[in-house]
Amino acid sequence: MTTPQNTPPAYGLTTEQVQKLQEQYGKNELTPRKKQSFLRKALHIICEPIFLLLLIAATIYFILGEPRDGAIMLVFVIGVIGIDVTQEWKTDRTLNALKNLSAPRIQVIRDGRQEEIESADLVPGDIMRIAEGMKVPADGKILEANDLCIDESSLTGENEGVWKAAAGKAEPSSDYWRKDTCYAGTFVLKGSAVVQVEKIGAATEYGKIGANVASAPESRTPLQKQTDSLVKTCSIIAIALFVLVCVFTYLNLPDHAFPERITESVLSGITLAMAMIPEEFPVILAVFLSMGAWRLAKRNSLVRRLPSVETLGAVSVLCVDKTGTITRNQMSVQDIWAPDGDTQTLLETMGLACETNAYDPMEKAMVACCEANGIGKGHLFSGTLIREYAFTNELKMMGHVWRHDGEVLIATKGGPEKILDLCELSETERQITEHRILEMSSQGLRVIAVGLEKPVDEDAIPAAITDCKLTFCGLVGLCDPPRESMKEDISRCTKAGIRVVMITGDNGITASAIAKQIGMPNADRIMTGEELDSMSDEELRRRVRDVSIFSRVIPEHKMRIVKALKDNGEIVAMTGDGVNDAPALKYADIGIAMGKRGSEVSREAADLILMDDDFTTIVDTVRDGRRIYDNIRKAVGYVFTIHIPIAFSALLAPFLHINPADLFLLPLHVVLLELIIDPTCSIVLERQPAERNIMVRKPRKPNEKLLTPNLLWKSVLQGIAVFAASFTTYFSFLQQAPYNAPLARAMGLSIVIIANLFLVLVNSSSYDFAYASICRLAKDNVMWATLLGTFAMLFLILYTPLCGILKFAPLTMGQFFLAIGIAAGSVLWYEIVKFHSHATAKHKNSN
Ligand code: ADP
Ligand code: MG
């Protein structure tokens, strides 16, 4: 692959060149995104057992010599397929949109301008800028390198970071993996670089390894697995009952001729089988989860893996970084203290120990403080920086070596215990200092100690910061106030049975003071990183039950904390932003990365990306997770309920010696009902707002089944009630006028359809009464549409020529209102149950 050499790198490619190259090389993707064709999707749905059943039924109609019935059946089948395909299409679109939102982006120079594009749009020849925490998106030659260290373990298996240099500056070597090239799929551990892309997509070294690393297949979610097995169980029962009904109907028809006798009985059996297979479940899941994820994305929380939506509602422990998530990450210097009163030296040394181009909010605050005290940046950084002792999470301190007016200065700052260890202090000096540290940190201030060394010359500069012999300059106390909403969020979590655990590199007393300010329970249960290191896994497991703060930890500790919590059976959500946080984020049930300040590596390991880095969003997301799960439950219960009248009437017919032609529900009518059930469910129930008590109850138990015995009971009872009401009405009409099966059926079916609406109202909340749902409904256009849609459909099938075709007879006004009344009665009794449970709940509360 050749790359255009004629354009100077600083200018990058031109728009035309990019276009041409894009046509030539395509997208920078390992495996091209596949698009499923509409036809394939339809075919996929037709192969589901339920549709095979429908097709068999249609065929039988044709065999029976009733092509009109067969044709109607086919039309309905197409309708149902249409609904399913649209829903799947919508789901796919939603998921793709989500994927695009979280797609990695990269800085490039094109047309001489710097811009940010999706990594997938890179072309060979592009000039890109990579930096710490990023995943390299393509293979390329390094033009400029700045302290660049790359983790190439995904390619080479070597765990050590590789130091890179710009082309021409690297030592020549014959290694296959070049030092002046960076490779797609590797991580930038440190530094930054400007890189000219050479190879993209499958042509990269990473791409060559094979598609196996490219994309893990989307595995089925725990809920999907549960519903899969539910569908399977129901299908097996359906087949058994199918045979049973076939045999009984056959025995019931001694006066029918041979082929008809068989086809009629098969038809009855199919009606039952169709009613028994809950094929809606997978659709419900897909729609509810993807729509849920979509709604979350609109509220700043990006779900990267769909199963996380299910898990969210079960979260029992939130492990949160203090700085930036709990606090605002807006620091300011609140207090300074120099033991000898020389605050000038203290401030100057502090300033010198900061980056000249401060990025860290704490360092920004320090430099600002210097400026406020008359020590301008120009004066401060007028010397030459000759050496840096880099900050590491383990050391928690850093230093800069400056040459200023012929003098060499080592300015250091960091965690007091670390800096003080390098200072020579008398016993009393040390005691006074410790007292001040305690004083500052108990106010929730982050305390930084500052130390200075003046070596005689450059040769006397120690090799490591730990070898310095410092003079203690003093202490600086920085305030990083907690986010305003923290107090309320913590109390929401506490009420919802969710424990919040604070994780910080800061000192325990500081963290504890902040925890107290925001009302965290157990704010004085602190464990330090050192204690954690000295503990066995078992001991840690015991201790994490009530520890609220982990202080002075390094990212590597997070893994052990998550593991201990998970071993205790907790469902753990954990935040992280750094490269080193990635393993813990992966291991946690819900890994949460920060969209703003997080590294790409952490985002890639996470299940959830928090676009606004705000703790409130985490709590809202958990709440929404609970809501979505609730709604899935409601939908599943509803589907059960509505299938019961269908199944029972098919089951009962042969025993009541009802002539197959006079059946309550012919296969035709079952499909008609399906046409109503699916949309009601996925539109109305999906949108249900959260229950009032959603954040007052304990998290769901992770091993709890979707279909709890309680839910099953409720659904079955409601279903039986609707069945009893509709079937009894049908049967009594059938007895009154034996030759008017269409009228009986119209009555029965109207009752089922209207009852369906009432069911949605009653079951949209387990606590609020139906009238509350009606009040909500009044404000919601979609609910109105559903309501009107249902009545329009009833009107169509009762009072247009469709009526006869569908084997109905029109109802009189009186009969219609009777149907409404019976339907209402068959469902609204459940309100009394709710009332009763309200009363007992109140009774319990007052005790
Ligand atoms: P947190 O987990 O709260 O973000 P950090 O890991 O950023 O904490 O910092 C932990 C500790 O390391 C701080 O309390 C401070 O003592 C020290 N520290 C952090 N950043 C710097 C810095 N730029 N210079 C010196 N010390 C620092
Ligand atoms: Mg920090």
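The shown structure was predicted, so the numbers you read here are calculated from the model rather than taken from an experiment. As the structure lists them, so they are numbered: ligands from 1, and atoms in each ligand from 1.
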Any side-chain donor-acceptor pair under 3.5 Å between T325 and T575?
no

Could you note down all residue pairs passing ring-ring contact (aromatic ring centres under 6.0 Å, His included) where residues 372-398 supplies at least one of them, sequence neighbours left out?
F381-W402

At a 4.0 Å threshold, what atoms of ligand 1 neighbour a non-hydrogen atom of G415?
16 (O)

Which of the atoms of ligand 1 are close to D360, meaning less than 4.0 Å from one of its heavy atoms?
23 (N)

Please state which option from T327, T392, D506, T412 has its nearest heavy atom closest to atom 13 (C) of ligand 1.
D506

Contact check, side chains of M134 and M128, non-hydrogen atoms, under 4.5 Å:
no

Which of these, L478, N393, I514, has its nearest heavy atom closest to atom 6 (O) of ligand 1?
N393

E355: heavy atom below 4.0 Å from ligand 1, yes or no?
no

With a 3.5 Å cut-off and no angle check, do the side chains of E570 and S316 form a donor-acceptor pair?
yes

Which of the ligand 1 atoms, numbered from 1, are nearer than 4.0 Å to a heavy atom of T504
1 (P), 2 (O), 3 (O)

For the pair E539 and R542, find out whether any cationic side-chain nitrogen is under 4.0 Å from an anionic carboxylate oxygen.
no

Any N or O of G505 closer than 3.5 Å to N or O of ligand 1
yes

Can E116 and R105 be counted as an ion pair, charged N to O under 4.0 angstrom?
yes

Quick check on contacts: which atoms of ligand 1 are under 4.0 angstrom from a heavy atom of R552?
11 (C), 13 (C), 14 (O), 16 (O)

Any Lys/Arg nitrogen of R492 or D620 sitting under 4.0 Å from an Asp/Glu carboxylate oxygen of the other?
yes

Please identify which atoms of ligand 1 are closer than 4.0 Å to at least one heavy atom of I448.
15 (C), 16 (O)

For ligand 1, the portion of N507 having any non-hydrogen atom under 4.0 Å away
neither

Only heavy atoms of M398, strictly under 4.0 Å: list the atoms of ligand 1 that pass.
22 (C), 23 (N), 24 (N), 25 (C)

Of the side chain and backbone of D321, name the one, both, or neither that has a heavy atom under 4.0 Å from an atom of ligand 1.
neither

Any Lys/Arg nitrogen of R299 or D624 sitting under 4.0 Å from an Asp/Glu carboxylate oxygen of the other?
yes

With a 3.5 Å cut-off and no angle check, do the side chains of T616 and D489 form a donor-acceptor pair?
yes

When you measure from atom 23 (N) of ligand 1 to each heavy atom in E363, M397, K396, which option holds the nearest one?
E363

